[in-house]
Amino acid sequence: MNLREIIVEILLELERTDGYVNLLLADVLEKYDYLEPKEKAFIKRVTEGCVERRIQIDYILNRISRVPVSKMKPFIRALLRMSAYQLLFMDSVPDAAVCNEAVKLAKKRKFGSLQGYVNGVLRNLARQKDAVVYPDVEKETTEAFSVLYSMPVWLVEHFLRSFGRETTERMLGAFLERRPVTVRLEEGLTEEERERLLLSWEKMGVTVSKHPYLPYAVRVGRTEGIKHLPGYEEGLFMVQDISSMLAVEAAGIGKGQTVLDLCAAPGGKSLHAASKLAGTGRVLSFDLTEGKLYRLEENRRRMRRENMETAIADACVYREELCRMADIVLADVPCSGLGVIGRKPDIKYHVTERSLEEILTLQKQILRNAAAYVKPGGILLYSTCTVNPRENEETAEWLCRNFPFVPESMCAYLTKELPEDLRKAAETGMVQLLPGIHESDGFFFARLRRKS
């Protein structure tokens with residue numbers, strides 16, 4: 001199979017199973033591990049791009065094709081989406097090559113009778129791609145945003161209600177931007193050791209830039225894989241978004257404390273907490289399945305955290321032995337994931353209004369247990385990777401109304417390098433990070449103190 005045929009097969013499998021592109025891509029790239037790095041990168045970019053831009057691509061195809069996208073044969077639909085993405089968003093691939101490869105692939109897969117149709121649609125698209133007429137942003141704002149930013153209409157409406165037009169547009173634009181991976185360097189490294197490590201990455205052709213919010217946060221790009229970087233096996237760094245790092249900072253972890261992480265995999269917050277303890281105290285890290293526990297243990301061993309313990313546990317099930325034992329409970333609960341659409345584009349197709357309601361019930365069930373595990377005077381650090389106020393501020397307020405907790409300022413624990421609006425929010429004990437507004441994923445965290 002050639003590269004484009006592999007991509008079409010992935011798109012077909014996603015449609016058949018309603019699966020997630022990141023999981024399927026990982027399996028496929030492992031299967032074809034013999035491919036060159038640039039070939040793997042092509043598969044990854046086009047596949048993810050087709051998912052990310054699907055609404056916009058379908059809108060354009062529906063205006064060029066005599067057959068609506070919804071009525072096309074599955075193989076032809078996947079073939080045209082893949083080819084349209086290259087024509088619209090990849091200048092490095094000649095238009096003629098895209099059209100010719102699609103026609104050859106249609107013939108190879110026994111769709112010879114549709115070769116002319118495929119060729120006609122794609123050549124028309126190549127000629128007309130700079131003259132596509134989109135819905136008017138002023139008159140049809142919701143429809144225009146949906147098409148231009150490939151976001152389901154109901155989610156556009158949801159964002160507009162929650163954040164207004166300007167912020168919504170900045171968020172939707174940010175979801176489509178390519179962003180580098182953020183890593184947390186071990187805080188025990190000296191400044192000289194950090195610089196030496198980053199220089200070794202740059203010598204490998206990796207792009208490196210320090211994140212403005214925290215001194216140990218670094219953004220990296222153009223890498224063939226984090227695991228291949230110097231320092232990985234030695235446990236000198238961990239992939240972790242800046243928002244997750246800030247949440248751990250906000251918890252105000254001190255030496256000798258007991259920290260409980262209820263939904264810990266893959267372990268970024270737990271390992272960060274263990275690092276804050278500097279070999280003292282302990283971190284108890286739980287998650288639901290053996291697979292998640294394996295990832296936790298793998299990272300714990302690599303980062304050499306002896307003060308961190310891992311175990312399988314369902315956060316929804318109350319455990320009497322944990323009652324009032326923790327100085328700090330980290331509750332990064334399951335959520336709608338609307339804040340990380342930029343990294344996981346198919347979230348926007350999987351989430352529904354009904355699922356938003358169901359997730360609220362699950363979150364409250366976990367928080368009831370989390371509240372019981374906090375010592376009097378201790379901290380519950382509640383967090384999500386979403387931008388839905390009902391899952392965030394409203395749920396934190398619900399917890400404070402029903403349990404003996406109060407929001408507490410986290411300004412003493414966060415750096416002065418944060419933007420002014422985040423510093424003001426930190427005073428209230430609740431911070432909402434927004435993509436496009438802040439240099440992070442969409443993320444929420446609240447510092448809640450249990451009354452003595």
I'd like to know whether [atom1] of [X] has more than 12 heavy-atom contacts from other residues, nucleotides or ligands below 6.0 angstrom.
{"X": "Arg295", "atom1": "CZ", "result": "no"}
{"X": "Arg222", "atom1": "CZ", "result": "no"}
{"X": "Glu191", "atom1": "CD", "result": "yes"}
{"X": "Asp91", "atom1": "CG", "result": "no"}
{"X": "Arg354", "atom1": "CZ", "result": "no"}
{"X": "Lys424", "atom1": "NZ", "result": "no"}
{"X": "Tyr32", "atom1": "OH", "result": "yes"}

Under a 3.5 Å cutoff, is there a donor and acceptor pairing between the side chains of [X] and [Y]?
{"X": "Gln240", "Y": "Ser244", "value": "yes"}
{"X": "Ser285", "Y": "Asp261", "value": "no"}
{"X": "Glu187", "Y": "His272", "value": "yes"}
{"X": "Gln86", "Y": "Arg4", "value": "yes"}
{"X": "Asp332", "Y": "Ser383", "value": "yes"}
{"X": "Thr386", "Y": "Ser336", "value": "yes"}

**Candidate pair Leu185 and Leu236, rule side-chain contact (heavy atoms from CB on, under 4.5 Å), full reasoning** = CA-CA 6 Å; Leu185 302 181; Leu236 300 184; over 6 Å; no
Is it the case that the side chain of [X] and the backbone of [Y] share a donor-acceptor pair, with hydrogens and angles ignored and the cut-off at 3.5 Å?
{"X": "Asp327", "Y": "Gly378", "value": "no"}
{"X": "Gln128", "Y": "Leu125", "value": "no"}
{"X": "Ser355", "Y": "Val351", "value": "no"}
{"X": "Arg302", "Y": "Tyr232", "value": "yes"}
{"X": "Glu140", "Y": "Val137", "value": "no"}

Side-chain heavy-atom pair [X], [Y] within 4.5 angstrom cut-off:
{"X": "Lys210", "Y": "Leu198", "value": "yes"}
{"X": "Met430", "Y": "Arg447", "value": "no"}
{"X": "Pro152", "Y": "Lys348", "value": "yes"}

**Prompt:** Can you list the residues that meet the side-chain hydrogen bond (donor to acceptor under 3.5 Å, both in side chains) rule with Tyr149, with sequence neighbours excluded?
**Reply:** Glu169
**For Thr207, all residues meeting side-chain hydrogen bond (donor to acceptor under 3.5 Å, both in side chains), sequence neighbours excluded** =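 So Thr207 forms no side-chain hydrogen bond (donor to acceptor under 3.5 Å, both in side chains) with any residue.
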Does the Lys NZ or Arg CZ of [X] fall within the cation-pi geometry relative to [Y] - under 6.0 Å from the ring centre and within 45° of the axis?
{"X": "Arg450", "Y": "Phe403", "result": "no"}
{"X": "Arg54", "Y": "Tyr349", "result": "yes"}
{"X": "Arg53", "Y": "Tyr85", "result": "no"}

In Å and rounded to the nearest 0.5 Å, what is the [atom1] to [atom2] distance from [X] to [Y]?
{"X": "Ser243", "Y": "Leu434", "atom1": "OG", "atom2": "CG", "value": "11.5 Å"}
{"X": "Asp346", "Y": "Ile341", "atom1": "CG", "atom2": "CD1", "value": "10.0 Å"}
{"X": "Ser270", "Y": "Leu296", "atom1": "OG", "atom2": "CG", "value": "6.0 Å"}
{"X": "Asp287", "Y": "Lys292", "atom1": "CG", "atom2": "NZ", "value": "4.5 Å"}
{"X": "Phe145", "Y": "Leu172", "atom1": "CZ", "atom2": "CG", "value": "7.0 Å"}

Could you check whether [X] pairs with [Y] (Lys NZ or Arg NE/NH1/NH2 to Asp/Glu carboxylate O, under 4.0 Å)?
{"X": "Arg219", "Y": "Glu439", "result": "yes"}
{"X": "Lys40", "Y": "Asp33", "result": "yes"}
{"X": "Arg123", "Y": "Asp95", "result": "no"}
{"X": "Arg300", "Y": "Glu297", "result": "yes"}

**Request:** Describe, in one word, how the ring planes of Tyr59 and Tyr134 are oriented to each other, choosing from parallel (under 30°), tilted (30 to 60°) and perpendicular (over 60°).
**Result:** parallel
**Inter- and intrachain pairs under ring pair (Phe, Tyr, Trp, His ring centres under 6.0 Å), touching residues 2-25, at least two apart** = Tyr20-His350
**Request:** Write down the atom of Ala102, the atom of Leu79, and the distance for their closest heavy-atom approach.
**Result:** O-CD2, 3.5 Å
**Prompt:** Do Trp201 and Phe237 have ring centres separated by under 6.0 Å?
**Reply:**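 Trp201 vs Phe237: aromatic centres under 6.0 Å.
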